[in-house]
Number of protein chains: 2
Amino acid sequence: MSEVQLKDALDALKSTGVRITPQRHAILEYMIHSTMHPTADDIYRALEKTFPNMSVATVYNNLRVFRKAGLVKELTYGDSSSRFDFVTHDHYHIICNDCGKIVDFHYPGLDEVEHLASHVTGFQVDYHRLEIYGTCQDCLGKTAKAQ
Amino acid sequence: MSEVQLKDALDALKSTGVRITPQRHAILEYMIHSTMHPTADDIYRALEKTFPNMSVATVYNNLRVFRKAGLVKELTYGDSSSRFDFVTHDHYHIICNDCGKIVDFHYPGLDEVEHLASHVTGFQVDYHRLEIYGTCQDCLGKTAKAQ
DNA sequence: TACACTATTTATAACGATTACAATGTAAGA
DNA sequence: TCTTACATTGTAATCGTTATAAATAGTGTA
Ligand SMILES: [Mn+2]
Ligand SMILES: [Mn+2]
Ligand SMILES: [Zn+2]
Ligand SMILES: [Zn+2]
């Protein structure tokens, strides 16, 4: 399954004239196998055993290449660092305010909200961003035990 | 109307033991009269005529005080600086990708999405964040003219 | 193969928003 | 007035990210 995703991603890159370097291959592979929405630094640290000389700039550069190719989505937050999500299909995220965990969940697109917003404001609407915030089960369990 | 809001805000602050300094008064007044979701630097520059010695740290400090008191909401984005919104009632935002303008719009809370997310993920849900992105009428007009 | 050309990586400096810190100022209460 | 806690100011530090320039590695051509 993820083998196919990797192959498709590499093909998509090649077809736009982007060279497949060992670093790019490794970053992409890591992204596809990761379920935890890693930061650039997560990726950098995960790959420093196999690429001791890799620069953190390389990670950022390639994440931008992947983003422009539509392979990766960047999840931005105010304070801390961006997280990156390998694009499979559209989904929303629910985020734990205690441990920072980001979990996928699926829900039909909010077309009606987009339409109303466009109608009321006169904007031409392109997309929207929705995130749910709360506390995950692990963290709920921990606070329950601590009492 | 905004006089009442200002008085209520000042009373709310006083009741929690926060002193009302001239700087705080001015920042709060500016927030209430502003409709454009200013950044800390917007506020700083708007007030530097009346407070030539005010530090930008004072603006940040007080915005944090206001946020903790529930008077102000911080709108965070990845790259650029936070924007601040005086809390009146709950509303969503639609954002222009060309000029960065942020416009309020109202829509019933997405309770159903929150419920489903909680059910599927086991999270205890606290709140959500929804933003619509697109192009505002002004920017649509400009690109139409330019052609 | 040798060469030129371009993409890519690396190392490091720079950037910008925000925060930390220490010194100074201010106001309320005893 | 004296004390004390709170606020402001000026500046240094932080941190994620980007820019830059030099080094490296492919790719195509003669
Ligand atoms: Mn995801
Ligand atoms: Mn608003
Ligand atoms: Zn958690
Ligand atoms: Zn616009």
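Because the structure is a prediction, the values reported are computed rather than measured.
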Atom-pair distance (CG on Asn61(B); P on dA22(C)), nearest Å: 15 Å

Which nucleotide in dT17(D), dT8(D), dT10(C) has an atom nearest any side-chain atom of Ser81(A): dT17(D)

Side chain of Val18(A) (C-beta onward), nearest among dT8(C), dA7(D), dT11(D): dT8(C)

Pairwise side-chain contact, Asp138(A) with Lys101(A), heavy-atom cut-off 4.5 Å (strictly under): yes

Distance-only polar pair, side chains of His93(B) and His91(B), donor-acceptor under 3.5 Å: yes

5'-most by nearest nucleotide on DNA chain D - Pro52(B) or Gly17(B): Gly17(B)

Sugar-phosphate only, base, or nothing, as touched by Asn62(B) at under 4.0 Å among non-hydrogen atoms: sugar-phosphate

Length of the CD1-C1' vector between Ile20(B) and dA27(C), whole Å: 13 Å

Residue-phosphate contact under 4.0 Å: Thr58(A) side-chain N/O, dT10(C) OP1/OP2: yes

Arg19(A) side-chain proximity, nearest of dA7(D), dT19(C), dT6(C): dT6(C)

Test side chain to side chain contact (heavy atoms under 4.5 Å, CB included) applied to Arg24(A) and Val18(A), step by step: CA-CA 10 Å; Arg24(A) 279 193 181 143; Val18(A) 173; 3.1 Å; yes

Nearest to side-chain heavy atoms of Ser55(A), which nucleotide of dT19(C), dT17(D), dT10(C): dT10(C)

Ile27(A) CD1 - dT10(C) P separation (whole Å): 9 Å

Between dT17(D) (P) and Leu75(A) (CG): distance, integer Å: 12 Å

Nearest-nucleotide pick for Thr21(A), side chain only, options being dT9(C), dA7(D), dG10(D): dT9(C)

Phe51(A) CZ to dT24(D) P, straight-line distance once rounded to whole Å: 18 Å

Proximal nucleotide (of dA20(C), dA7(D), dT18(C)) relative to the Arg64(B) side chain: dA20(C)

Arg129(A) NZ/CZ over Tyr77(A) ring centroid, <6.0 Å and within 45° of normal: yes

Nearest-nucleotide 5' precedence on DNA chain C, Pro22(B) against Asp41(B): Asp41(B)

Sugar-phosphate, base or nothing in reach of Ser82(A), heavy atoms under 4.0 Å: sugar-phosphate

Nearest-angstrom distance from the residue atom CD of Gln23(A) to P of dA11(C): 11 Å

Modelled atom types, side-chain donor and acceptor of His37(A) and Asp42(A), under 3.5 Å: no

Under 3.5 Å donor-acceptor, His106(A) side chain and Asp104(A) backbone: no

Presence of Tyr60(A) side-chain N/O under 4.0 Å of dT17(D) phosphate oxygens OP1/OP2: yes

Separation of dG25(C) C1' from Asn53(B) CG (nearest whole Å): 12 Å

Interatomic distance where CZ belongs to Arg24(A) and P belongs to dT10(C) [whole Å]: 11 Å

Selection from dT9(C), dT8(D), dT12(C) that lies nearest to any side-chain heavy atom of Ala57(A): dT12(C)

